[in-house]
> 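I have a structure here, written as structure tokens, and I will follow up with some questions on it.
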Amino acid sequence: MRVAVIDDESIFRMQLKMMVEKLSDSKAIPLEVEEFANGPDFIEALKERRYDIVFMDIYMPDMDGIETSRKLRELTERTFLIFMTASEGHYPDAFSLHAFDYVTKPFNMDRIDQVLTEIIEHTPMDETFIKLTTGSIDERVYLKDIISVTTDGHYLEINKCDEPAIRVRLTSGEFLEMTGTDKRFLMINRGIIVNMDFIDHVDGGDVYMDDKNIYPISARKIAEISQQIKDYQFSTR
């Protein structure tokens, strides 16, 4: 899981990074931590990669944590957002931005451990994968990393988060057979399969994904597929 720490004070960034990395080792859970000294640098990084957990300081110059979090939420609702501050006067803002939690400075290991444990309980580590042949190489692809699958002639283009897309000689039906009973994958149109964990929103007959791709829903099934997406998102809240 990728963690971002945004704070204009280096001492707090360093302290929290050390705590998260220590807990990562003790829990045997891979947590990769990146530090940002301000909101604009963090928002710029979001153009290239996604973060599972974000620790956001509220009081920062130029762009404070509330404004930075609003820009984050414009891009994704899937990130666990934890506000950090020395005071407790921003609960309404935290609630409106769907913050997962709120921690006060100075940090202590027990509190950070509590927050991370609750997040991990909400996000079980998904190690399910399929093996795909690209050229002469067998590649292990984790289902949690697949954003969408589209048909291109006799091939499928598999779009993955933070990695280049891969092309494999498969049909959409064969891909769905490989994923078995995994409910995340939904065929929304002929030759278009999406991972519902990466859906940002549905507007009319189009599905908007977290990676900014937009896919059309089959005209005859807009109501049915839109409801399936709503049901899935409700069940995973």
> Let's go through Glu35 and Lys17 carefully: what are the C-alpha distance in whole Å and the side-chain angles of both, what is the deciding distance for side chain to side chain contact (heavy atoms under 4.5 Å, CB included) to 0.1 Å, and is it a yes or a no?
CA-CA 8 Å; Glu35 300 177 46; Lys17 184 174 187 290; 2.9 Å; yes
> Keeping Asp64 on the side-chain end and Glu67 on the backbone end, is there a donor-acceptor pair under 3.5 Å?
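Confirmed, Asp64 side chain pairs with Glu67 backbone.
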> Between Thr179 (side chain only) and Asp182 (backbone N and O only), is there a donor and an acceptor less than 3.5 Å apart?
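Side chain of Thr179 to backbone of Asp182: no pair is present.
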> Would a distance-only check, ignoring hydrogens and angles, find a side-chain to backbone donor-acceptor pair under 3.5 Å from Ser218 to Ile188?
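Not at all, since once roles are kept as given, no pair shorter than 3.5 Å links the two residues.
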> Looking only at heavy atoms, what is the nearest atom pair of Met178 and Lys131, with distance?
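It is CE-O, 3.4 Å.
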> I'd like to check Leu116 versus Ile112 (side-chain heavy atoms, cut-off strictly below 4.5 Å). Are they in contact?
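With C-beta onward as the side chain, the pair touches.
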> Using links of under 4.5 Å between side-chain heavy atoms of ILVMFWY residues, direct or through other members, which residues join Met14 in one cluster?
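Members alongside Met14: Met18.
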> Going through the checks in order, is the side chain to side chain contact (heavy atoms under 4.5 Å, CB included) test met by Leu81 and His98?
CA-CA 7 Å; Leu81 175 62; His98 305 146; over 6 Å; no
> What distance do Ile66 atom CD1 and Asp57 atom CG have between them, rounded to the nearest 0.5 Å?
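So the CD1 of Ile66 and the CG of Asp57 are separated by 10.0 Å.
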> Excluding sequence neighbours, so at least two apart, what forms side chain to side chain contact (heavy atoms under 4.5 Å, CB included) with Arg169?
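Partners of Arg169 under the side chain to side chain contact (heavy atoms under 4.5 Å, CB included) test: His154, Tyr155.
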> In the structure I gave you, are the side-chain heavy atoms of Arg167 and Asp152 within less than 4.5 Å of one another anywhere?
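The answer is yes, as the side chains (C-beta and beyond) meet within the 4.5 Å cut-off.
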> Please examine the side chains of Arg111 and Asp101, heavy atoms only from C-beta on, and report whether any two atoms are closer than 4.5 Å.
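Side chain of Asp101 against side chain of Arg111, heavy atoms only: contact under 4.5 Å found.
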> With a 3.5 Å distance limit and no angle check, can you tell me whether Ser24 reaches the backbone of Val20 through a side-chain donor-acceptor pair?
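Side chain of Ser24 to backbone of Val20, a donor-acceptor pair under 3.5 Å: no, none is there.
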> State, without any angle test, whether Ser172 and Thr151 hold a side-chain donor-acceptor pair at a distance under 3.5 Å.
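Thr151 and Ser172 do have a side-chain donor-acceptor pair below 3.5 Å.
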> For Lys47, which residues count as a salt bridge (charged side-chain N to carboxylate O under 4.0 Å, His left out) partner, sequence neighbours excluded?
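Salt bridge (charged side-chain N to carboxylate O under 4.0 Å, His left out) list for Lys47, sorted by chain: Glu44.
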> Which pair of heavy atoms, one from Ser69 and one from Leu97, lies closest together, and at what distance?
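Smallest interatomic distance, heavy atoms only, reads CB-CD1, 3.8 Å.
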> Determine whether Glu118 and Phe100 satisfy the following criterion, side chain to side chain contact (heavy atoms under 4.5 Å, CB included), listing intermediate values before the conclusion.
CA-CA 9 Å; Glu118 289 177 358; Phe100 182 78; 3.9 Å; yes
> Which residues satisfy the side chain to side chain contact (heavy atoms under 4.5 Å, CB included) test with Lys22, sequence neighbours excluded?
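Checked Lys22 against side chain to side chain contact (heavy atoms under 4.5 Å, CB included); matches are Met109.
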> Among residues at least two apart in sequence or on other chains, which ones pass ring-ring contact (aromatic ring centres under 6.0 Å, His included) with Phe185?
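Partners of Phe185 under the ring-ring contact (aromatic ring centres under 6.0 Å, His included) test: Phe175.
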> Would you say the side chain of Phe80 lies within less than 4.5 Å of the side chain of Val115, judging by non-hydrogen atoms?
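When only atoms from C-beta onward are counted, Phe80 and Val115 do not touch, as no gap falls below 4.5 Å.
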> Indicate yes or no: does Asp7 engage Lys105 in a salt bridge with an N to O separation below 4.0 Å.
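Counted as a salt bridge, because a side-chain N and a carboxylate O are separated by less than 4.0 Å.
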> So which atom in Glu157 and which in Ala165 form the shortest heavy-atom distance, rounded to 0.1 Å?
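So the minimum-distance heavy-atom pair works out to CG-CB, 3.9 Å.
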> Between Asn159 and Asp211, is a side chain to side chain donor-acceptor pair (under 3.5 Å) present by the stated rule, with each step listed?
CA-CA 10 Å; Asn159 187 26; Asp211 64 352; 2.5 Å; yes
> Count I, L, V, M, F, W, Y as connected when their side-chain heavy atoms are under 4.5 Å apart, and connections chain through other members. Are Ile214 and Leu75 then in the same cluster?
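No; tracing contacts between hydrophobic side chains, which count when under 4.5 Å, never links both residues.
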> Write out all pairs satisfying salt bridge (charged side-chain N to carboxylate O under 4.0 Å, His left out) with one or both partners inside residues 220-233, taking only residues at least two apart or from two chains.
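Residue pairs passing salt bridge (charged side-chain N to carboxylate O under 4.0 Å, His left out), neighbours aside: none found.
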> Please output the side-chain donor-acceptor pairs of residues 193-209 that fall under 3.5 Å, not counting sequence neighbours, one pair per line with the distance.
| residue | atom | partner | partner atom | Å |
| --- | --- | --- | --- | --- |
| Asn195 | OD1 | Asp197 | N | 3.0 |
| Asn195 | ND2 | Ile146 | O | 2.8 |
| Asp197 | OD1 | Tyr232 | OH | 2.6 |

> Between Ile6 and Val54, is there a side-chain heavy-atom distance shorter than 4.5 Å?
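Contact flag for Val54/Ile6 side chains = yes.
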> Where is the tightest heavy-atom contact between Phe107 and Gln15, given as atom of each residue plus distance?
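Closest heavy-atom pair between Phe107 and Gln15: CD1-OE1, 3.5 Å.
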> Can Leu176 and Met187 be said to form a side chain to side chain contact (heavy atoms under 4.5 Å, CB included), step by step?
CA-CA 9 Å; Leu176 289 174; Met187 183 177 289; 4.0 Å; yes
> Do any N or O atoms from the side chain of Arg73 and from the backbone of Thr79 form a donor-acceptor pair under 3.5 angstrom?
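Checking the backbone N and O of Thr79 against the side chain of Arg73, a donor-acceptor pair under 3.5 Å is found.
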> Is it true that Arg13 and Glu9 have a side-chain N and a carboxylate O under 4.0 angstrom from each other?
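Answer for the salt bridge query: no.
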> A side-chain contact here means heavy atoms from C-beta on lying under 4.5 Å apart; do Leu72 and Phe42 qualify?
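Yes, side chains in contact.
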> List in chain and number order the residues that pass salt bridge (charged side-chain N to carboxylate O under 4.0 Å, His left out) with Glu74, two or more places apart in sequence or in another chain; answer none if no residue qualifies.
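Scan of Glu74 (salt bridge (charged side-chain N to carboxylate O under 4.0 Å, His left out), adjacent residues dropped) gives none.
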> With sequence neighbours excluded, tell me which residues meet side chain to side chain contact (heavy atoms under 4.5 Å, CB included) with Ala45.
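For Ala45, the residues satisfying side chain to side chain contact (heavy atoms under 4.5 Å, CB included) (neighbours in sequence not counted) are Phe36, Arg49, Tyr51.
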> Starting at CD of Glu21, measure out to CG of Leu16 and round the result to the nearest 0.5 Å.
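Rounded to the nearest 0.5 Å, the CD-CG separation comes out at 10.0 Å.
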> If you compare all heavy atoms of Ile217 against all heavy atoms of Ser226, which two are closest, and at what distance to 0.1 Å?
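The answer is CD1-OG, 4.0 Å.
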> Return the CD to CD1 distance between Gln227 and Ile225, rounded to the nearest 0.5 Å.
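Spacing of CD (Gln227) from CD1 (Ile225) equals 12.0 Å.
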> Side chains of Thr150 and Leu156: closer than 4.5 Å at any heavy-atom pair?
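Not touching, per the 4.5 Å side-chain cut-off.
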> Please enumerate all residues that pass salt bridge (charged side-chain N to carboxylate O under 4.0 Å, His left out) together with Lys160, with sequence neighbours excluded.
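Testing Lys160 for salt bridge (charged side-chain N to carboxylate O under 4.0 Å, His left out), a comparison that skips the adjacent residues, returns Glu139, Glu163.
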> Could you tell me which residues satisfy side chain to side chain contact (heavy atoms under 4.5 Å, CB included) with Thr117, sequence neighbours excluded, listed by chain and number?
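Partners of Thr117 by the side chain to side chain contact (heavy atoms under 4.5 Å, CB included) criterion, ordered by chain and then number, come out as Lys27, Asp113, Glu121.
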> Would you call Ile82 and Ile53 a side-chain contact if the rule is heavy atoms closer than 4.5 Å?
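Yes, at least one pair of side-chain atoms sits under 4.5 Å.
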> Any idea which heavy atoms bring Ile229 and Leu186 closest together, and the distance?
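Of all heavy-atom pairs spanning Ile229 and Leu186, the closest is CG1-CD2, 3.8 Å.
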> Consider only side-chain N and O atoms of Thr85 and Tyr59, and report whether a donor and an acceptor are under 3.5 Å apart.
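Looking only at side-chain atoms, Tyr59 and Thr85 do not form any donor-acceptor pair under 3.5 Å.
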> Just to verify, what does Asp110 make a salt bridge (charged side-chain N to carboxylate O under 4.0 Å, His left out) with, not counting sequence neighbours?
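Asp110: no salt bridge (charged side-chain N to carboxylate O under 4.0 Å, His left out) contacts found.
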